[in-house]
Amino acid sequence: MSLLDGKLGIVFGVANKRSIAWAIAQAWHQAGAKLAFTYQGERLKENVEELAGTFGSDTLILPCDVTRDDDIAHVFAQLSQKFGKIHLLLHSVAFAPKDALEGEFVNTKREAFRVAHDVSAYSLVALARGAAPLMTEGGSIVAMTYYGSEKVVPHYNVMGVAKAALEASARYLAYDLGPRRIRVNCISAGPVNTLAARGISGFSEMLKHYEAHAPLRRNVLPEELGATGTFLASDGAAAITGQVIYVDCGYQIMGM
Ligand code: NAD
Ligand code: 0WE
């Protein structure tokens with residue numbers, strides 16, 4: 001008997017094998033869950049098909065740009081038809097225009113602010129609303145966040161503001177969906193070398209900074225995010241909702 005036996009889930013945010021979404025999907029799969037996947041656009045279709053295909057040739061894989069309401073509606077209509085119900089949803093999606101992550105926050109343009117919040121925060125609300133009618137046996141929604149939501153991390157800029165909105169959205173969703181036994185939590189991960197991180201100048205210095213200053217004196221491993229994702233999805237976390245869980249080797253507790 002495995003932790004997630006009989007659970008049905010959907011994963012948003014796999015781009016390649018280094019994606020945090022892929023680490024959590026593998027852990028959910030190993031714990032016995034049956035998963036469907038979405039990909040952002042044609043560019044990533046092959047990647048996701050190759051990865052998710054390793055879980056069986058019948059794995060449901062659908063396109064979904066989270067800024068498009070019709071894409072989201074199509075995903076949940078397909079899930080309703082193929083699965084009938086779901087228990088798990090992973091939100092591992094973020095984007096801000098590159099120039100907004102380079103200069104000063106004070107120069108953030110209205111359109112960059114809008115896009116960052118649409119993709120990285122509002123999408124959790126839209127996906128939760130789509131998933132809730134299918135979570136007829138209760139459910140667990142997990143979203144990925146980062147420490148730049150609560151303290152200033154130079155250059156994280158508008159993404160920090162969008163992550164603050166994501167974490168607050170998780171709390172309001174937890175309140176609304178709690179009576180239906182649907183839990184909503186965030187995992188705040190320390191830096192991980194993914195596609196979304198690699199373009200960031202100074203990222204390898206950031207990894208070294210965490211190694212030097214986190215209580216555990218190292219960086220988080222993708223499989224450790226998988227293990228926390230599995231815990232939050234499991235009945236062991238049945239009384240945990242609206243929370244931000246730090247999986248950052250303790251970095252968040254430090255004052256200096
Ligand atoms: P990643 O690039 O592998 O994943 C980001 C995903 O967002 C990609 O799959 C991309 O396709 C998707 N995405 C972007 N815009 C989208 C849109 N309009 N519609 C649908 N999908 C869209 O990078 P990652 O590091 O695995 O990021 C996953 C999550 O983890 C993000 O929320 C990120 O903020 C968060 N996070 C990352 C780190 C880190 O250091 N890598 C740390 C903490 C939190
Ligand atoms: O959430 C993130 C990064 C998300 C992200 C990354 C990109 C790069 C490419 C969002 N939008 C874009 N847009 C692009 O054009 N992280 C937690 C990783 C990250 O990004 C940083 C960090 C950390 C940590 C940016 C500046 C400072 C620290």
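Excluded from the calculations below are hydrogen atoms, water molecules and symmetry mates; all remaining heavy atoms, backbone and side chain alike, are included.
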Would you mind reporting whether Arg171 and Leu173 have side-chain heavy atoms less than 4.5 Å apart? no
For Thr228 and Leu225, indicate whether the former's side chain and the latter's backbone hold a donor-acceptor pair under 3.5 Å. no
Could you give the distance from NZ (Lys34) to CZ (Phe83), rounded to the nearest 0.5 Å? 5.0 Å
Taking all atoms of both residues into account, what is the closest heavy-atom pair of Leu44 and Ala15, and its distance? CD2-O, 3.7 Å
Met144 CE to Ser92 OG distance, which is reported to the nearest 0.5 Å: 5.5 Å
Connected via hydrophobic side-chain network under 4.5 Å: Val119 and Ile72: yes
Rounded to the nearest 0.5 Å, how far does CD of Glu224 lie from CG of Leu216? 8.5 Å
ILVMFWY cluster, Val115 and Val93 together (side-chain gap under 4.5 Å): yes
Val244 vs Ile187 side-chain heavy atoms within contact, under 4.5 Å: no
Polar side-chain atom of Asn16 near backbone of Ser19 as donor-acceptor pair, under 3.5 Å: yes
List the steps and the verdict of side chain to side chain contact (heavy atoms under 4.5 Å, CB included) for Phe55 and Gln26. CA-CA 9 Å; Phe55 295 167; Gln26 286 180 93; 4.2 Å; yes
Name the residue from Arg181, Lys85, Arg180 that meets the salt bridge (Lys or Arg N to Asp or Glu O under 4.0 Å) definition with Glu137. Lys85
Counting only heavy atoms not in Arg198, do more than 12 fall under 6.0 Å of its CZ? yes
Please examine the side chains of Tyr172 and Val184, heavy atoms only from C-beta on, and report whether any two atoms are closer than 4.5 Å. no
Taking every heavy atom of Gly32 against every heavy atom of Ser2, the minimum-distance pair comes out as N-OG, 4.4 Å
Regarding Ser123 and His91, do their side chains bring together a donor and an acceptor under 3.5 Å, going by distance alone? yes
Residue pair Ile10, Leu79: steps toward the side chain to side chain contact (heavy atoms under 4.5 Å, CB included) verdict: CA-CA 9 Å; Ile10 173 107; Leu79 274 181; 3.9 Å; yes
Which distance, rounded to the nearest 0.5 Å, do you find between the CG of Leu4 and the CZ of Phe231? 12.0 Å
I'd like to know if the side chain of Ser234 reaches the main chain of Gly236, judged simply by a donor and an acceptor atom lying under 3.5 Å from each other, with no hydrogens or angles considered. yes
In this structure, CG of Asn47 is separated from CD of Gln40 (nearest 0.5 Å) by 12.0 Å
Which pair of heavy atoms, one from Thr230 and one from Ala31, lies closest together, and at what distance? CG2-CB, 3.8 Å
Using atom types as modelled and distance alone, determine if a side-chain donor or acceptor of Asp71 lies under 3.5 Å from a backbone N or O of Pro63. no
Single-linkage hydrophobic cluster Leu89~Leu60, side-chain heavy atoms < 4.5 angstrom: yes
Is there side-chain contact between Lys163 and Tyr147, with at least one heavy-atom pair below 4.5 Å? no
Do NZ/NE/NH1/NH2 and the carboxylate oxygens of Lys98 and Glu102 come within less than 4.0 Å? yes
Could you check whether any side-chain heavy atom of Lys109 comes within less than 4.5 Å of a side-chain heavy atom of Arg114, counting everything from C-beta outward? no
Give a yes or no on whether the backbone of Glu50 and the side-chain of Thr54 come within a donor-acceptor separation of less than 3.5 Å. no
side-chain contact (heavy atoms from CB on, under 4.5 Å) partner of Leu232, chosen from Thr241, Leu90, Asn185: Asn185
Please give me the minimum heavy-atom distance between Ser120 and Ala162, naming the atom from each residue. CB-CB, 4.1 Å
Any ion pair linking Arg68 and Asp118 (charged N to carboxylate O, less than 4.0 Å)? no
Any donor-acceptor pair under 3.5 Å linking the side chain of Gln78 with the backbone of Val75? no
Flag yes if Ile24 and Leu221 sit in one hydrophobic cluster, no otherwise; membership is Ile, Leu, Val, Met, Phe, Trp, Tyr, and two members link when side-chain heavy atoms are under 4.5 Å apart. no
Atom CD of Glu205 and atom NZ of Lys208: how far apart are they, to the nearest 0.5 Å? 5.0 Å
For Phe113, is there any backbone N or O sitting under 3.5 Å from a side-chain donor or acceptor partner on His117? yes
Specify the closest pair of heavy atoms between Gly190 and Val220, including all atoms of both residues, with the distance to one decimal. O-CG1, 3.8 Å
Report yes if the side chains of Arg183 and Ile141 come closer than 4.5 Å at any heavy-atom pair, otherwise no. no
Any side-chain heavy-atom pair of Ser140 and Leu88 under 4.5 Å: yes
Check for a donor-acceptor pair, side chain of Asp248 on one end and backbone N or O of Ala189 on the other, with a separation under 3.5 Å. no
How close do Phe76 and Leu134 get, counting heavy atoms only, and between which atoms? O-CD1, 3.7 Å
For Trp28 together with Phe37, are the ring centres under 6.0 Å from each other? no
Walk me through whether Gln252 and Lys151 qualify under side chain to side chain contact (heavy atoms under 4.5 Å, CB included). CA-CA 10 Å; Gln252 189 266 348; Lys151 289 290 192 295; over 6 Å; no
Give the cluster check for Val142 versus Leu177: same hydrophobic cluster or not, with ILVMFWY residues linked at side-chain heavy-atom distances below 4.5 Å. no
Would you say CZ of Phe203 has more than 12 non-hydrogen atoms from neighbouring residues, nucleotides or ligands within 6.0 angstrom? yes
Could Asp176 and Arg129 be called an ion pair, given the rule that one side-chain N must be under 4.0 Å from one carboxylate O? no
Whether the side chain of His87 engages the backbone of Lys7 through a donor-acceptor N/O pair (distance < 3.5 Å, no angle test) should be reported. no
Could you walk me through whether His155 and Ile200 pass the side chain to side chain contact (heavy atoms under 4.5 Å, CB included) test, one step at a time? CA-CA 9 Å; His155 306 303; Ile200 309 301; 5.8 Å; no
Do Ser188 and Val247 come within less than 4.5 Å of each other through their side chains, counting heavy atoms only? no
